[in-house]
Amino acid sequence: IDLDKLPIKRLEAIEEAGTEHFSSEISNEETRLNMIRRIDFSWIVSPWQSLMENLRQAHQELSVVMDLINTVEANDAVTVASMQRPKQLPNEVLSDLAVSAAIKLQRLRHLGRYFKQSSKALEQQVAREARFYGSLIRLQQNWKVKRQRGSESFTIDLQDNSISDGTRPSSLSTVRVDEDSAGILAVQRPLKSCHSLYLKFLGEAKKEVLTDNECVKDTHSTLREIHQSIFQEQVFDMVNREICNPFPGVNLTGMREDFLQLAIGQETSLCLCLVPSKKPSPVSLEIYLQYLFHETVLVKARERGGSLLGHFCLTIAHRIFSKKVLLELETLVGRVSYLHLLSHPTWNSRTSSWSVSLKVPQSILHSGRSQFHTKVLVNDDQISVSAEGAPSIIGSFEGNATNICSINCYGCDLEDLPMTLLQQVASQVILWLHEEALVVGMKASRDFLSLKFSMDQGETLGLVAHLDPHDAQGCISWWLVVDHGDEAPLSAEKIFLGHLSLEVLYSTVMDLVGFCS
């Protein structure tokens with residue numbers, strides 16, 4: 001490499017007249033020679049001399065060989081005897097074989113290690129592909145799986161094409177499914193958070209490694225959540241459109257994006273909104289609202305008549321009212337030990353039914369009736385009570401004790417329900433005791449809430465029921481009244497017996513056999 005530096009003019013002298021004298025410039029050749037002179041070649045002299053000596057010896061040996069070849073070619077009498085390699089000793093043969101075998105074994109080991117690594121990688125790849133496509137095939141049994149063109153990814157179409165009732169198409173209908181590094185299905189959730197339908201009454205209070213089956217189940221669960229979100233958005237959209245049509249008893253009190261507030265009647269207010277997916281409450285009402293959407297939109301079964309929103313609001317009003325009725329029934333049954341409450345399915349969202357069962361003890365002499373039933377039916381906000389084995393109220397006031405109605409049915413309101421049920425239960429107890437008294441030969445008669453026995457001296461002995469729905473000790477208490485037959489109304493004697501069980505009542509009646517036979 002030749003590097004020409006810029007010339008440096010060095011000043012040697014200045015005359016008195018101001019003339020400057022510079023040193024003579026050095027040429028490039030002189031500069032190159034000066035640089036070569038600065039290099040130390042002493043270290044390469046000895047290798048160079050050794051190389052020259054080796055070349056000289058090789059030249060001499062080559063000259064000898066060339067002279068020998070020329071001599072043989074010039075004289076036919078000269079021949080060169082062939083030389084054979086001396087025979088190897090047994091140990092030398094074994095050593096060569098051992099070395100050759102060791103080399104081959106080492107090469108085979110390297111080759112086997114390479115095949116093993118390749119087969120392991122191929123096996124892992126096959127296992128990943130089998131896991132992914134096997135899981136994808138299982139998903140294809142329940143979902144519409146499509147493959148994207150020019151890509152290894154798949155998509156799942158969740159849009160329900162059967163809906164053609166003006167509901168808006170959802171942006172969540174296409175879900176992408178990829179394969180991760182382990183061959184597990186990876187569902188790409190949409191950027192927009194999934195929604196779920198949320199209904200409430202105003203004023204109320206690190207991931208584990210999954211197996212193939214668990215992965216498929218988890219993917220199914222994710223797809224179901226997205227599918228449910230699409231469905232619930234369509235439900236909300238339909239309710240949002242129907243609220244514009246006026247319905248009696250239902251008023252819209254608030255509205256904003258993904259939120260509706262309704263007033264049902266004078267007491268009930270509720271809100272319906274779309275929120276990020278979670279476990280909402282009350283779940284049963286949301287399920288029923290989705291069921292109504294399915295019946296009216298997907299199946300086109302409009303047997304009930306009226307709008308979806310109106311029927312749903314009446315259902316909510318009925319549920320609130322039926323809970324109040326159930327609370328009264330549970331309170332009453334909890335205070336009377338021999339009563340039992342049964343609930344009956346009605347398969348109607350606006351109808352509820354219960355029965356209050358009275359089970360009487362089985363007597364020794366009489367194997368007649370064993371229990372009585374009183375049925376409570378609620379349609380929307382109307383209560384009807386039908387009692388089994390109860391006497392006719394009109395017949396009781398007329399003094400006709402034998403006028404018995406097998407089923408006595410009439411309506412009542414929520415405030416009168418406890419007293420109405422207590423009257424039915426007490427009359428059923430009176431009927432049972434009257435039947436038992438007739439079996440043993442007693443002179444007995446009955447009216448609505450009392451059982452009377454005729455005594456030999458003309459006196460009348462009565463067992464009277466006293467009803468108090470607010471009595472926490474039993475609600476039904478019993479009095480023993482003795483009427484001496486005098487015209488004065490205050491001549492009757494009254495004895496309070498208390499809150500008696502059915503067994504004690506039966507024993508009390510049997511103790512009167514000697515006086516009333």
Side-chain angles (χ1 to χ4, degrees), residues 328-341 356-361 371-374 376 385 387-401 403-405 408 410 412-437 442 444-455 459-486 488-512 515-516:
E328 295 290 343
L329 295 177
E330 290 177 342
T331 302
L332 182 64
V333 171
R335 292 176 178 176
V336 182
S337 60
Y338 42 83
L339 294 182
H340 304 278
L341 181 62
V356 178
S357 176
L358 168 64
K359 188 174 182 179
V360 298
Q371 60 183 356
F372 298 87
H373 295 283
T374 301
V376 179
V385 178
E388 179 186 7
S392 172
I393 300 179
I394 298 177
S396 298
F397 287 120
E398 292 177 351
N400 186 3
N403 189 1
I404 300 176
C405 181
N408 191 13
Y410 45 87
C412 67
D413 54 19
L414 183 61
E415 296 179 356
D416 298 334
L417 179 61
M419 178 59 73
T420 301
L421 292 177
L422 288 176
Q423 291 174 353
Q424 299 300 321
V425 171
S427 64
Q428 291 168 351
V429 174
I430 293 294
L431 174 61
W432 167 65
L433 293 176
H434 181 252
E435 292 177 351
E436 297 294 330
M442 300 177 65
S445 62
R446 71 183 186 93
D447 56 19
F448 193 52
L449 294 178
S450 65
L451 179 62
K452 298 179 180 179
F453 303 96
S454 299
M455 304 179 65
E459 298 176 343
T460 302
L461 188 63
L463 185 63
V464 182
H466 178 264
L467 309 179
D468 184 5
H470 305 289
D471 186 357
Q473 297 182 358
C475 296
I476 302 178
S477 57
W478 298 92
W479 289 78
L480 189 62
V481 179
V482 181
D483 187 2
H484 298 286
D486 300 335
L490 299 179
S491 62
E493 298 180 8
K494 299 181 180 180
I495 303 173
F496 181 66
L497 302 179
H499 304 84
L500 305 180
S501 65
L502 298 181
E503 290 79 6
V504 175
L505 278 174
Y506 178 78
S507 300
T508 302
V509 173
M510 293 299 105
D511 290 341
L512 299 177
F515 301 98
C516 306

Check residues 474-481 and write down every donor-acceptor pair under 3.5 Å in which the side-chain atom is one partner and the other belongs to a residue at least two apart or another chain.
none

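- Note that CD1 of I430 is 5.5 Å distant from CG of L451, once rounded to the nearest 0.5 Å.
- Taken to the nearest 0.5 Å, the CE atom of M510 stands 6.0 Å off from the CD atom of E436.
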Practice problem: Begin from the C-alpha positions of L329 and L421 and carry the test side chain to side chain contact (heavy atoms under 4.5 Å, CB included) through to its verdict. | Solution: CA-CA 9 Å; L329 295 177; L421 292 177; 3.2 Å; yes
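- Contact record, S450 with K452: OG-CE, 4.0 Å, taken as the closest heavy-atom pair.
- Listed here is the closest heavy atom pair of L500 and L497: CD2-O, 3.4 Å.
- To the nearest 0.5 angstrom, F372 atom CZ is 8.5 Å from S427 atom OG.
- Residues V504 and T508 have side chains in contact (heavy-atom distance under 4.5 Å, counting atoms from C-beta outward).
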Practice problem: Could you give me the CA-CA distance, side-chain angles and deciding distance for H373 and V356, then say whether side chain to side chain contact (heavy atoms under 4.5 Å, CB included) is met? | Solution: CA-CA 6 Å; H373 295 283; V356 178; over 6 Å; no
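- At least one donor-acceptor pair under 3.5 Å links the side chain of S507 to the backbone N or O of E503.
- Closest of all the heavy-atom pairs between P418 and E328 is CG-OE1, 3.4 Å.
- In this structure the side chain of S357 never reaches within 4.5 angstrom of the side chain of Y338, judged on heavy atoms.
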Atom pairs and distances, side-chain donor-acceptor, residues 461-470, under 3.5 Å, sequence neighbours left out:
from: D468; atom 1: OD1; to: H470; atom 2: N; distance (Å): 3.2

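- The CG atom of L332 sits 11.0 Å away from the CD atom of E330 when rounded to the nearest 0.5 Å.
- Closest heavy-atom contact between A387 and Q428: CB-NE2, 4.1 Å.
- Residue M442 holds its CE atom at 10.0 Å from OG of S454, rounded to the nearest 0.5 Å.
- The NE2 atom of H499 sits 3.5 Å away from the CG atom of D471 when rounded to the nearest 0.5 Å.
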